[in-house]
Amino acid sequence: MTAVEPVELVPLRPADAARCAELERILFPGEDPWSERAFLDELAWGHHNLAARHGAALVGYGGIAFVAAPPRAEAEIHTIGVDPAFQRRGIGRALLRGLLAVADAAHATVFLEVRTDNDAARSLYESEGFAIVGLRRGYYRPSGADAHTMRRESQ
């Protein structure tokens with residue numbers, strides 16, 4: 001695949017949950033990856049979730065949930081993942097921007113957690129307006145890895 005081949009962002013469907021869980025296991029070994037049930041629950045709860053598709057194949061996913069309503073709306077990025085074979089092609093950024101568009105429509109401040117040793121993800125988030133606002137020690141289980149809490153002010 002070249003960087004110019006199209007990837008389409010569409011709403012995540014229940015039928016995608018198994019593939020998302022498969023990618024979670026690949027992307028987050030040694031952690032507690034989301035299960036198929038977790039993805040189904042996110043959809044059932046009405047959270048906004050996107051799928052990145054290359055043809056019929058799901059190659060990435062992302063989800064955001066509102067945790068406070070206007071006038072002081074807040075949202076949390078719950079998850080973003082891209083198939084390793086499709087990374088470094090702008091898919092993660094496209095997913096993030098798609099999720100942020102939902103938050104921006106509600107003028108929501110957005111929060112997320114990212115592993116302190118995940119420089120690529122942290123750099124992506126910083127380039128999209130996020131700043132580190134805290135440290136959560138032992139956030140990721142079972143590894144005990146630390147996480148930065150990051151915030152992007154409402155747009």
Side-chain angles (χ1 to χ4, degrees), residues 7-29 31-54 56-84 86-87 89-116 118 120-134 136 138-143 145-155:
V7 172
E8 181 182 20
L9 296 185
V10 295
L12 194 71
R13 306 178 306 226
D16 298 324
R19 172 65 174 149
C20 290
E22 175 187 6
L23 287 172
E24 283 272 310
R25 289 187 300 274
I26 294 166
L27 294 167
F28 306 110
E31 298 300 345
D32 185 20
W34 282 26
S35 65
E36 181 177 354
R37 174 85 264 150
F39 283 98
L40 290 170
D41 288 345
E42 285 285 304
L43 292 169
W45 293 328
H47 298 166
H48 188 82
N49 290 270
L50 293 174
R53 295 190 187 287
H54 176 65
L58 186 137
V59 298
Y61 57 88
I64 190 170
F66 286 91
V67 295
R72 298 183 59 134
E74 290 184 4
E76 294 177 345
I77 302 282
H78 280 181
T79 188
I80 294 180
V82 176
D83 184 324
F86 288 80
Q87 290 178 355
R89 299 169 193 218
I91 297 169
R93 183 178 302 278
L95 285 163
L96 178 60
R97 286 179 175 172
L99 299 175
L100 291 175
V102 173
D104 291 348
H107 305 287
T109 297
V110 182
F111 293 87
L112 59 80
E113 275 77 33
V114 61
R115 278 180 67 122
T116 56
N118 190 339
R122 195 177 65 250
S123 293
L124 168 64
Y125 300 141
E126 288 172 342
S127 75
E128 294 295 328
F130 284 86
I132 295 170
V133 296
R136 298 183 77 173
Y139 179 77
Y140 291 98
R141 301 283 178 211
S143 72
D146 296 339
H148 288 300
T149 298
M150 301 185 78
R151 177 179 63 215
R152 178 179 174 265
E153 296 299 331
S154 62
Q155 305 289 304

**Request:** For R13, check side chain to side chain donor-acceptor pair (under 3.5 Å) against everything at least two apart and list the hits.
**Result:** none

**Asked** Checking R122 side chain against T116 main chain: does a donor-acceptor pair fall under 3.5 Å?
**Response** yes

**Asked** salt bridge (Lys or Arg N to Asp or Glu O under 4.0 Å): which pairs involve residues 59-71, sequence neighbours left out?
**Response** none

**Prompt:** Any side-chain hydrogen bond (donor to acceptor under 3.5 Å, both in side chains) pairs touching residues 100-109, not counting sequence neighbours?
**Reply:** D104-R152

For residues 91-103, which side-chain donor-acceptor pairs fall under 3.5 Å, sequence neighbours excluded?
unit_1, atom_1, unit_2, atom_2, d
R93, NH1, S127, OG, 2.8
R93, NH1, E128, OE2, 2.5
R93, NH2, S127, OG, 3.3
R97, NE, E128, OE1, 3.3
R97, NE, E128, OE2, 3.0
R97, NH2, E128, OE2, 2.9

**Message:** For E113, give me all partners under salt bridge (charged side-chain N to carboxylate O under 4.0 Å, His left out), at least two apart in sequence or on another chain.
**Reply:** R136

**Message:** According to salt bridge (charged side-chain N to carboxylate O under 4.0 Å, His left out), who are the partners of R53, at least two apart in sequence or on a separate chain?
**Reply:** D16

**Prompt:** What residues form a side chain to side chain donor-acceptor pair (under 3.5 Å) with E126, not counting sequence neighbours?
**Reply:** none

**Item:** Ion pair E153/R151, N-O distance below 4.0 Å
**Value:** yes

**Item:** By ring pair (Phe, Tyr, Trp, His ring centres under 6.0 Å) - contacts of Y125 (at least two apart)
**Value:** F130

**Asked** Sequence neighbours excluded, which residues qualify as ring pair (Phe, Tyr, Trp, His ring centres under 6.0 Å) partners of H78?
**Response** H47

**Message:** Applying salt bridge (charged side-chain N to carboxylate O under 4.0 Å, His left out), can you list everything that pairs with R19, at least two apart in sequence or on another chain?
**Reply:** E22, D83

**Prompt:** Can you name the residues that form a side chain to side chain donor-acceptor pair (under 3.5 Å) with D146, not counting sequence neighbours?
**Reply:** R137

**Prompt:** Looking at residues at least two apart in the chain, or sitting in another chain, which of them share a side chain to side chain donor-acceptor pair (under 3.5 Å) with R37?
**Reply:** D41

**Prompt:** Is it true that a side-chain atom of E36 and a backbone atom of A21 form a donor plus acceptor pair closer than 3.5 Å?
**Reply:** no

**Asked** Do F28 and Y140 have their ring centres less than 6.0 Å from each other?
**Response** no

